[in-house]
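Quick note: numbers below take in every heavy atom, side chains included, and nothing from hydrogens, waters or symmetry partners.
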Amino acid sequence: GEEIVKHKKAKDSPMPVADSGQKMTRTQKRKFDEINTTTSADVDPTTAALEHEREQATKVKNIQCVELGCYEMDTWYYSPYPEEFSKCSKLYLCEYCLKYFRKAKTLDRHKVKCEWRHPPGDE
């Protein structure tokens with residue numbers, strides 16, 4: 001049969017841990033969160049409706065592909081970009097300032113004007 005593992009929170013960590021002291025996997029955390037979340041009876045109807053709407057909107061990934069410099073990457077999850085960007089299947093990002101564009105031509109014009117020559121950060 002399946003072994004049942006009880007979960008508890010570590011003293012210093014907000015992340016639940018298994019009884020063995022190891023951190024939980026994503027699947028274990030998802031199951032833990034499903035069990036320990038508030039039910040719709042605990043939430044007012046307006047909040048429940050808004051939460052349901054957000055869940056429906058984020059179930060399906062909206063951008064299929066992202067191009068960053070010479071790399072093209074397929075996306076795995078929903079991306080919270082503004083509505084006008086979520087309609088396009090491919091998003092183009094400046095590899096220096098990380099600004100995003102709908103069209104490659106717009107990105108090319110931006111690259112000429114972009115003053116950054118390294119990604120954001122101090123290192």
Side-chain angles (χ1 to χ4, degrees):
E2 284 187 26
E3 181 180 333
I4 298 174
V5 179
K6 294 181 182 178
H7 297 93
K8 60 184 176 182
K9 289 189 177 193
K11 292 178 185 176
D12 302 352
S13 172
M15 174 77 123
V17 293
D19 280 338
S20 64
Q22 295 178 336
K23 286 189 177 180
M24 295 170 55
T25 64
R26 287 182 192 155
T27 304
Q28 289 171 330
K29 183 178 181 328
R30 182 183 49 79
K31 288 179 182 177
F32 178 84
D33 289 344
E34 284 176 2
I35 293 169
N36 295 308
T37 55
T38 58
T39 62
S40 57
D42 297 339
V43 181
D44 67 280
T46 306
T47 305
L50 290 171
E51 183 63 25
H52 179 71
E53 183 180 328
R54 185 194 66 79
E55 284 178 8
Q56 294 303 316
T58 59
K59 274 186 179 179
V60 180
K61 67 179 181 176
N62 50 351
I63 296 169
Q64 304 302 314
C65 182
V66 174
E67 186 175 301
L68 178 66
C70 63
Y71 299 99
E72 189 175 281
M73 301 164 271
D74 292 331
T75 60
W76 291 7
Y77 303 104
Y78 169 82
S79 303
Y81 284 100
E83 188 70 29
E84 61 269 13
F85 291 94
S86 64
K87 300 290 184 196
C88 59
S89 61
K90 189 174 190 179
L91 201 60
Y92 301 89
L93 279 82
C94 175
E95 60 188 310
Y96 302 116
C97 68
L98 304 178
K99 188 171 181 178
Y100 46 91
F101 303 92
R102 287 183 290 205
K103 298 179 183 177
K105 200 172 206 178
T106 312
L107 173 62
D108 292 338
R109 283 188 301 217
H110 167 77
K111 284 180 182 179
V112 173
K113 297 176 186 177
C114 187
E115 296 177 5
W116 290 63
R117 289 295 161 242
H118 58 82
D122 294 334
E123 295 182 22

**OP:** Kindly write out the residues that satisfy side-chain hydrogen bond (donor to acceptor under 3.5 Å, both in side chains) with E51, not counting sequence neighbours, or none if the list is empty.
**Re:** R54
Original post:
Between atom CD1 of I63 and atom OG of S89, what is the distance when rounded to the nearest 0.5 Å?
Top reply: 9.5 Å
Original post:
Say you draw a straight line from CD of Q28 to CZ of R30; how long is it, rounded to the nearest 0.5 Å?
Top reply: 10.5 Å
Subject >> Nearest atoms (heavy-atom pairs only) where C88 meets L91 >> reply: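 That would be SG-CD1, 4.0 Å.
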Original post:
Can L93 be reached from W116 by stepping across I, L, V, M, F, W or Y side chains whose heavy atoms are under 4.5 Å apart?
Top reply: no
Original post:
Does Y96 belong to the same Ile/Leu/Val/Met/Phe/Trp/Tyr cluster as L107, with side-chain heavy atoms less than 4.5 Å apart forming each link?
Top reply: no
Subject >> ring pair (Phe, Tyr, Trp, His ring centres under 6.0 Å) involving H110 - partner list, sequence neighbours excluded >> reply: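 Once residues adjacent in sequence are excluded, the partners of H110 under the ring pair (Phe, Tyr, Trp, His ring centres under 6.0 Å) criterion are F101.
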**OP:** Taking the side chain as every heavy atom from C-beta outward, state whether T75 and N62 have any pair of such atoms under 4.5 Å apart.
**Re:** no
Original post:
Going by the salt bridge (charged side-chain N to carboxylate O under 4.0 Å, His left out) test, which pairs reach into residues 92-109, not counting sequence neighbours?
Top reply: none
**OP:** With sequence neighbours excluded, give me every salt bridge (charged side-chain N to carboxylate O under 4.0 Å, His left out) pair touching residues 67-80.
**Re:**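 For residues 67-80, and leaving out neighbouring residues, the salt bridge (charged side-chain N to carboxylate O under 4.0 Å, His left out) pairs sorted by first residue read E67-K90, E72-K90.
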Original post:
Do any pairs count as a ring-ring contact (aromatic ring centres under 6.0 Å, His included) and have a residue in residues 54-84, sequence neighbours left out, and if so which ones?
Top reply: Y81-Y100
**OP:** Give a yes or no on whether R117 atom CZ has more than 12 heavy-atom contacts from other residues, nucleotides or ligands under 6.0 Å away.
**Re:** yes
Original post:
Of all residues at least two apart in sequence or in a different chain, which pass the salt bridge (charged side-chain N to carboxylate O under 4.0 Å, His left out) check with E53?
Top reply: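 With sequence neighbours excluded, E53 shows a salt bridge (charged side-chain N to carboxylate O under 4.0 Å, His left out) to no residue whatsoever.
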